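Since this is a predicted model, take the numbers as computed values, not measurements.
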2 protein chains.
Amino acid sequence: MSQQPGQAADAPADQPSLHRVLVDGIRDMIVCGELESGERVPEAFLCRRFGVSRTPLREALKVLSVEGLVQLRRNRGAIVTPVDPDRLRDIFETKGALEHFIGLHAASRATDADLARIDALHADLVGAERRADPGRYTRLNENFHLELARLTRNPELVQIYEALQAKVLRARFMINVDPARVRESLGEHEAIMTALRARARLDLAERLVAHNERTSEAMLRLLGDAPG
Amino acid sequence: MSQQPGQAADAPADQPSLHRVLVDGIRDMIVCGELESGERVPEAFLCRRFGVSRTPLREALKVLSVEGLVQLRRNRGAIVTPVDPDRLRDIFETKGALEHFIGLHAASRATDADLARIDALHADLVGAERRADPGRYTRLNENFHLELARLTRNPELVQIYEALQAKVLRARFMINVDPARVRESLGEHEAIMTALRARARLDLAERLVAHNERTSEAMLRLLGDAPG
DNA sequence: TCAGCAAAATCTGAATGCAAAATTGTTGCC
DNA sequence: GGCAACAATTTTGCATTCAGATTTTGCTGA
């Protein structure tokens with residue numbers, strides 16, 4: 001959501017294909033909650049919003065359907081996939097399976113430069129929490145975990161991880177994160193960094209999985225209070 | 001074309017959308033090797049092949065691009081994603097992460113009926129090997145592992161697993177599987193079934209991961225002899 | 001023979017048009 | 001007042017069309 005794609009006026013940007021702009025733009029709208037969970041999304045609405053014709057827009061909707069962010073029903077248009085606690089649990093579980101793998105392999109495949117970079121990210125994250133900057137915190141947090149995933153040097157895994165992250169992020173935007181949980185989470189990050197620096201495979205895997213589960217539990221609890 | 005939407009040749013009912021027919025159809029063409037690795041695929045060719053216009057076809061290509069089976073370059077058309085040993089290793093690694101999770105949770109979530117069904121699948125698989133029916137064997141083998149994945153009751157994971165399977169299957173169609181490896185593989189399946197019947201979580205996980213790694217090694221070895 | 005360049009043909013990206021399906025609004029009846 | 005049937009509007013699925021980019025072809029001259 002870094003740039004408002006509302007104008008067709010950004011035509012000079014001919015580098016990225018319109019199709020990609022739309023996929024990213026609509027994804028952001030969904031993740032940020034600008035399009036509400038379960039809401040019906042007429043093509044014409046998005047066409048006006050982005051100032052494009054239906055052809056590239058429909059291509060984008062098909063892609064987002066594969067990503068699971070919208071659901072398409074024949075002749076009945078698109079709806080934003082509802083955020084369902086059961087499905088979110090599935091997402092966290094699946095992400096957990098990847099976290100385990102990341103833990104087992106990140107330590108051995110990371111260079112010292114990698115570790116320094118992630119250490120810096122972690123420090124930024126602590127700073128964002130201190131300054132009570134939730135937007136920056138959330139972004140840095142996503143980045144921190146994504147960088148850990150990248151340590152596997154496995155693009156296939158990273159791509160899947162990113163898609164799962166997007167779905168989690170969507171749920172995160174729907175709830176008010178508990179500040180106490182944020183501090184707890186930072187403590188878990190500390191433990192993760194300790195294991196990573198020591199290149200302790202099993203420890204790292206265990207802590208990543210535990211962190212994922214804690215986060216899952218906290219989010220599902222909050223989602224229960226403020227569902228759909 | 002003169003093809004009216006209602007009678008798209010191989011669409012008996014009007015239930016499945018043309019778009020889905022195309023995605024499935026082109027995916028099959030790629031997986032089975034009918035479209036060769038790295039081959040350039042002009043839209044017009046596929047339009048003639050399926051008797052449709054470019055609009056739904058392009059939608060299908062965008063979807064397959066997200067699945068990673070084709071690569072789209074702006075203004076330069078689609079190419080079938082080359083089968084690369086490094087990428088295949090990544091795919092197996094990622095699948096391995098899921099296998100571990102499947103092992104940990106399949107046993108506890110499976111009903112007795114599930115076990116009976118998978119037992120039957122396993123028996124069929126043994127039969128297919130005995131009768132030296134490689135086509136049927138391959139299909140049953142995919143099914144066997146997919147059913148194990150389904151035991152997690154996690155649709156998110158199953159969807160990702162299926163996509164990974166498709167990519168593995170594509171590589172499998174490019175090589176001649178070693179009969180000795182097939183027998184070895186069946187032995188590993190036996191061990192998997194034993195652990196599953198005993199509902200031994202850790203055992204099952206370990207054996208699924210090991211089976212995945214053995215299969216990976218065997219395929220990568222064969223792929224080295226006859227590369228993309 | 002071959003490198004370099006220009007014109008033609010081909011291909012892709014995106015907009016528009018049209019028919020079928022679904023949604024909405026209205027009427028008539030109980 | 002409520003509800004079923006029907007007509008009008010909207011929306012979707014797909015084909016067709018247009019414009020721009022790319023690749024191929026064909027020519028020229030060294």
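- A heavy-atom distance below 4.5 Å is found between the side chains of A:I192 and A:L148.
- Spacing between atom CG of B:L72 and atom P of C:dA14 amounts to 12 Å, rounded to whole angstrom units.
- Rounded to a whole Å, the CD atom of B:E59 is 10 Å from the P atom of D:dA15.
- Note on A:T55: every side-chain N or O is 4.0 Å or more away from OP1 and OP2 of C:dA14.
- A:R76 has no side-chain polar atom (N or O) that falls below the 4.0 Å cut-off from OP1 or OP2 of C:dA21.
- Taking atom CZ on B:F50 and atom P on D:dG13, their separation rounds to 20 Å, with Å as the unit.
- Side-chain proximity of A:R40 to D:dG13, D:dC14, D:dT11: nearest is D:dT11.
- Rounded to an integer number of Å, the gap from NZ of B:K62 to P of D:dC14 is 16 Å.
- In terms of phosphate contacts, A:R74 brings no side-chain nitrogen or oxygen within less than 4.0 Å of OP1 or OP2 of D:dG13.
- If you check C:dT12, C:dA15, D:dT12 against the side chain of B:E43, the one that comes closest is C:dT12.
- Annotation for A:M174 and A:V83: closest pair SD-CG2, 3.4 Å, computed over non-hydrogen atoms.
- Straight-line distance from the CD atom of B:Q71 to the P atom of C:dT12: 15 Å, rounded to whole Å.
- A 6.0 Å sphere centred on CD of B:E39 holds more than 12 heavy atoms belonging to other residues, nucleotides or ligands.
- Remark on DNA chain C: of its neighbouring residues A:S53 and B:G77, the 5'-side contact belongs to B:G77, judged by nearest-heavy-atom nucleotide.
- Look at CG on B:L18: it is 11 Å from P on D:dG13, rounded to the nearest Å.
- Rounding to whole angstrom units, CG of residue B:L57 and P of D:dT16 are separated by 14 Å.
- In this pair, B:H189 and B:H211 present their aromatic rings perpendicular. The plane angle is above 60°, beyond the 30 to 60° band.
- When distances run from any side-chain atom of A:N75 to the nucleotides D:dT11, C:dA15, C:dA22, the shortest one goes to C:dA22.
- For the pair B:R73 CZ and C:dT12 C1', the computed distance is 13 Å after rounding to whole Å.
- A:T152 and A:A149 get closest at one heavy-atom pair: OG1-O, 2.6 Å.
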